[in-house]
Every structure is written in structure tokens, then in C-alpha cells.
Amino acid sequence: MLDRLKKDIETKLFNSEAFAGLTLPAVEFAPAPEHTKADISLTWALSAAKVLKKNPLEIAKAAAKIITEVSGVVEATSLAPGFINLFLEDTFICEGAQDRRLKDRAKTGENKERMLIEFVSANPTGPLHVASGRGASLGDSLVRIFNAIGTPCDAEYYVNDSGNQAELLGKSLRARTLGQEPPENGYHGDYLVDMAAEIKDKCEGWTDKEFSNYAIETMLKLHKEDMKNFNVEFNRWFRESELYAENLPQKALDFLTANKQTYEADGAVWFGTSKEDTGDDKDRVLVRKDGRPTYFLADIAYHKNKYDRAYTKLIDILGADHHGYVPRMKAAVKALGKSEDAFLPVIHQLVHLIEGGEKVKMSKRSGRFIMLRELTEDVGADVCRFFFASRTPNAHMNFDIDLAKKKTNENPVFYVQYVHARISSILSAAAAKGLVESERLPSTLAPQERALLLKLIWFKQILRTCAKDLSPHHLTAYLIELASLFHSFYDNCKVLDDTNPALSAQRLLLCQRVAERIKKGLEFVGVSAPEKM
RNA sequence: GCCCCCAUAGCUCAAUGGAUAGAGCACCUGCCUUCUAAGCAGGUGAUAUAGGUUCGAUUCCUGUUGGGGGUACCA
């Protein structure tokens with residue numbers, strides 16, 4: 001709906017006598033600030049002024065006059081230094097609120113983009129911890145949002161089931177079954193003690209490999225459960241061992257070598273990542289002195305495989321502790337012949353857990369950390385998901401465990417969910433009275449109704465912003481604002497009024513529209529929309 | 001040392017380079033005979049610091065201070 005208005009305005013503006021034939025910036029909408037009392041704000045005149053080298057206020061004045069003629073607009077006003085404010089017709093707002101399509105038209109049809117987001121990808125050497133929750137929240141929300149707005153997008157989890165750490169895990173588990181401490185660099189967490197107890201009777205004569213396999217499969221099963229409980233879905237759990245089964249690391253190496261991207265030194269095979277102008281500070285080893293491939297080579301093979309599976313754009317969601325990995329992967333993608341925008345790494349900063357006013361250190365090796373499962377069980381998946389989604393990825397996040405455990409209703413997620421519960425309650429009350437919703441929204445809008453409906457119109461735009469910024473935090477902010485407007489409406493406007501069945505039916509429709517958006521929005525964040533609270 | 005991220009209200013978070021910096025929680029004052037008070041109305045309260053660019057800076061650039069992370073032939 002806003003798209004249509006934008007287009008109408010551009011058409012009228014760019015064909016007008018004042019602006020025809022000029023190269024002009026595109027029109028962008030923003031919600032108008034409170035004090036202006038307007039609905040939509042444009043800074044178009046300010047940016048046009050730069051291009052045209054003219055007085056912005058003069059441009060705004062001329063443009064406002066033209067925009068006032070656009071259908072749906074009651075009036076456009078200009079304001080120093082060059083703002084244009086739009087006042088919309090109530091009918092336009094109602095029509096907009098009724099338009100529930102989310103798919104970006106520009107992206108349907110001939111658009112062939114296929115996106116793959118890889119996230120979490122934690123080693124199956126221990127339980128998932130809280131930091132994985134942040135990546136999971138971020139990745140899952142983005143997948144849902146991209147699909148909703150018309151960009152096909154899949155979710156994938158990379159399982160490192162090969163290599164040193166897998167071996168070490170097997171050795172650690174064997175040691176535990178013998179009542180011994182794990183090897184020096186092994187895994188000391190209690191979970192292996194528990195696992196050892198479970199297999200005590202059947203593990204006699206197992207090889208290290210069998211111990212390793214058992215431990216990995218068991219951990220992987222737990223990871224899958226954790227993700228399910230966290231409302232996170234993956235299209236595929238891709239195993240590193242699948243790469244080796246098809247000899248893909250070797251093939252990737254051959255590909256790079258054929259393109260003269262590799263060299264030998266000190267008995268190892270190297271990739272010149274630092275020469276690629278990607279910011280890497282040194283070259284990286286692909287094949288060790290002893291002939292074994294590195295993790296990096298396998299990962300190059302994995303990314304090549306993703307492209308070979310016809311994905312056009314890859315998003316990797318990584319924790320800040322892996323940010324140093326990005327330059328070399330960018331270099332690799334370039335060496336694979338892909339453009340820069342075919343690989344988008346998203347780094348999310350670490351989650352700091354605070355308990356008793358102190359930071360809780362997390363360490364996978366020591367086994368002293370807070371598990372995602374623990375947190376989910378304590379505060380609920382809804383609260384966790386909403387909390388993680390609310391923060392922009394590249395900022396640190398503090399998670400106060402005491403607060404989360406004791407006073408969970410301090411979390412804004414309840415404020416949003418409550419809207420859905422309230423509306424559900426109204427809907428069932430209406431059903432009990434035999435009242436059916438109207439086909440149209442109220443013709444004359446109370447201020448609270450108007451503000452609420454106007455907010456609904458922005459929904460699609462918010463999703464696009466999330467997609468552009470690769471973060472769902474705009475959405476949670478929006479949902480809180482929408483919730484606030486509904487609660488205000490609820491207090492001022494009685495929905496079910498026996499003396500006015502027509503208005504009741506219209507407001508019933510309004511409630512349905514709000515509930516739909518709240519539910520949809522929460523769904524993108526991976527949060528439930530309860531009917532009762 | 002070098003590289004990356006961050007600093008906004010008492011707390012947790014917002015703000016495509018725009019207008020008088022918004023919310024939730026906490027605190028203070030009112031509001032349940034009425035569709036759920038997990039709510040509403042009102043109040044208190046913030047851009048670490050010094051410069052620069054700009055018509056306009058919380059936002060971009062530089063310095064300073066403070067915090068987090070990274071710097072493997074580990075994954």
C-alpha cells in the first residue's frame with residue numbers, strides 16, 4: 001500500500017512541470033514525528049536540493065503542492081528546512097490496513113535468487129550454550145522473514161563430525177568410562193561423565209572411533225532437541241563427513257590449484273588469502289605437513305558445495321569469537337569465482353551472562369557454562385527468543401540470569417503477547433454473542449483506531465528493513481509499538497457494544513487485523529501467540 | 001603490538017544523516033460494578049569524552065577513556 005502511494009507520488013512528481021526531465025532521488029517514507037501530527041514524512045526535498053543545487057524549502061513547497069493532488073493524500077505540507085509531511089485520508093489508511101500481502105512484488109516472478117543461511121553450526125562436542133541461542137534466534141528469524149517477503153531462503157546447520165575434536169571427544173568419553181580424567185586437551189564437562197554412565201555396560205571393546213561416533217551422535221541428538229525446543233528449524237543438518245565421503249575437499253583443492261590460487265611451502269599447501277585484499281593478515285594452510293586437510297579447506301569445499309547446490313547468496317552467522325575467520329573465507333569465496341555480495345557474513349557479538357551481579361564465564365572445554373537448554377527451561381523459549389531478537393547483532397548483550405529467572409514478566413514479550421490474548425478473548429466473547437465481523441473497517445476513525453491502523457500499514461516496510469539490515473530487532477521494536485497502540489485503543493474504544501452492533505462488527509475486524517499482524521510478527525521471531533494469559 | 005565490535009534514562013533495548021532522542025521494566029500520582037489491570041492516563045529520567053565533516057550528527061571521520069572479542073599446520 002505504501003509502495004503504491006510512493007509510486008503515485010513519484011509519477012506525479014517526476015512528470016510535473018517543475019521536476020520533469022531532471023535526475024532526482026527516489027522517494028522514501030518515514031513515520032512522521034509526533035509533534036507534526038502528520039502521518040508520513042519525506043526528506044526527499046532535502047536530498048533533491050543537493051542534486052539540483054537549489055533551496056530545499058522551495059523544492060519542498062513546490063513538491064507539497066503536487067503531492068497534495070495524489071489520491072489518498074488529504075494534504076502535503078512543507079516545513080523548514082525542507083521536510084514534506086503527508087496527511088492521509090482515513091479511507092486510504094483503512095484500505096492499507098486491509099492489504100495483508102507481504103511478498104515483495106519486485107522479488108517474485110523472474111527473481112531467481114536463492115538464499116542459504118548457515119547458523120549455529122556448533123561442534124557436537126558438548127551441549128549448546130547460550131551464545132548459540134543468539135545465533136539460532138538471529139538465523140531462524142531471518143530465514144522466516146526472507147521467505148515471507150518473497151526471497152526463497154533455507155536454513156542449514158553444519159556439523160563438524162570429523163577431525164581432531166571428534167577424536168578427542170571419543171578419547172575423553174573412553175577415559176570417563178574407565179573412571180579416568182579426560183586427556184589434557186580433552187573435554188572435562190560433566191556431560192561426558194553422565195554419558196559414560198549410560199554406556200558402561202555396552203562399551204567394552206569399543207574403538208576410539210566408536211566412542212567418538214557414539215558421543216557425537218548423542219550430542220547431535222541433543223542439539224536437535226534444543227533447537228526444536230527453541231522453535232528453530234533447519235532444512236538440513238549438513239555433516240562435514242559428507243564432504244569427505246564425496247572427496248569434496250580434494251576437489252575444492254584441485255579447483256583452487258587449477259586456478260593457481262595455492263602454493264607449497266614448508267611441506268604444506270597454502271592459500272594466499274592475505275594477497276586478496278580482504279584484510280587477512282597472513283596466508284592460510286589448506287593441507288598440513290602431514291598430509292591432512294585443515295578445517296579451512298573442508299569449509300571452502302562446503303561453501304563451494306552450497307553454491308553448487310544452486311544457492312546464489314550465502315549468509316553465515318558467526319559468533320564474534322570467529323570474526324577473524326571472515327577475511328579468509330571472503331578470499332576463498334572470491335577464489336571460487338563468486339562476487340562479493342554472494343557471501344554475507346553476519347557477526348553477532350557475544351552474550352554476557354550475569355549472575356549475582358557477576359559475569360559468568362563460558363567455556364566449552366572446562367564445562368563451566370550455561371547451557372541453552374537450562375536457560376530455555378528456566379525462562380521459557382518465548383522470552384529467550386524475543387530477548388535475543390531485540391538486540392542488533394553487532395552489539396554486546398547482557399543477559400541477567402537472576403532477572404530472567406525471577407521476574408520474567410519484566411520482559412516486553414508479555415506486553416506483546418498480551419495483545420493477542422486480549423483479542424482472542426474479545427473474539428470468543430463476540431462468537432458467544434453470535435456477532436460476526438464486518439467486511440469493512442469503521443468509516444470514521446477514533447484517534448486511537450487511526451493510529452493503530454496506520455501502524456499496521458508499516459508492517460511490510462519493517463520486514464524489508466530487517467532483511468536489509470540482516471537483523472530482526474526492528475521487528476521486535478515495531479511489535480512493542482503496535483502493542484502499545486492496541487492497549488491504548490482497548491482502553492478508549494469498547495469493541496463489543498450491544499447498543500451499536502454495526503460499529504462492534506467493524507471493530508471486530510480491526511481486532512482481527514491487529515491479531516494477525518501480532519501473530520505473524522511473533523512467528524517471525526519464533527515466539528508463540530497465546531490465546532490466554 | 002595489530003585487527004574487529006561496543007558505549008543512549010536506575011536496568012534491558014530502539015532511533016534509512018533529519019524535526020522536540022522513543023519504548024519496556026523499575027520508581028511516583030491517578031484509573032477495575034464495564035470485551036483479561038501481564039493494561040491505561042500522567043510524572044521523574046539519557047546520547048562516555050575532545051575535535052572534525054554537514055544546512056542538519058546518537059548516527060559519518062579522527063583522537064582519548066572504558067568494556068568485550070580475535071590474532072593456530074584447533075575447529
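Everything quoted here is computed from the prediction, not taken from an experiment. Below, chains carry the letters A, B, ... as their sequence lines are ordered, and counting in each starts from 1.
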Roughly how many Å apart are [M] and [N], using the [atom1] atom of each and rounding to a whole number?
N	M	atom1	answer
B/rC60	B/rG18	C1'	14 Å
B/rG39	B/rA48	P	30 Å
B/rC5	B/rU59	P	16 Å
B/rG10	B/rU44	P	14 Å
B/rG42	B/rU8	P	27 Å
B/rU49	B/rC32	P	44 Å
B/rG22	B/rG30	P	27 Å
B/rA23	B/rG66	C1'	27 Å

Hey, does the side chain of A/Ser274 reach the backbone of A/Asp280 with a donor-acceptor pair shorter than 3.5 angstrom?
no
Please determine, for the side chain of [X], which listed nucleotide ([options]) has the closest atom?
X	options	result
A/Thr43	B/rG18, B/rA72, B/rG39	B/rG18
A/His352	B/rC55, B/rC6, B/rG68	B/rG68
A/Gln165	B/rC74, B/rC73, B/rA14	B/rC74
A/Asn164	B/rG39, B/rA75, B/rC35	B/rA75

Using a heavy-atom cut-off of 4.0 Å across all strands, would you classify A/Tyr490 as base, sugar-phosphate, or nothing?
base
Base, sugar-phosphate alone, or nothing: which one does A/Ser424 contact when heavy atoms must sit under 4.0 Å apart?
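A/Ser424: no heavy atom of the nucleic acid under 4.0 Å.
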Would you kindly say whether A/His348 and A/Asn394 are connected by a side-chain donor-acceptor distance under 3.5 Å?
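Result is no, nothing qualifies.
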Just the rounded figure in Å: distance from P of B/rA14 to CG of A/Leu479.
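After rounding, the gap between these two atoms is 15 Å.
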Just the rounded figure in Å: distance from C1' of B/rU59 to NE2 of A/His474.
13 Å
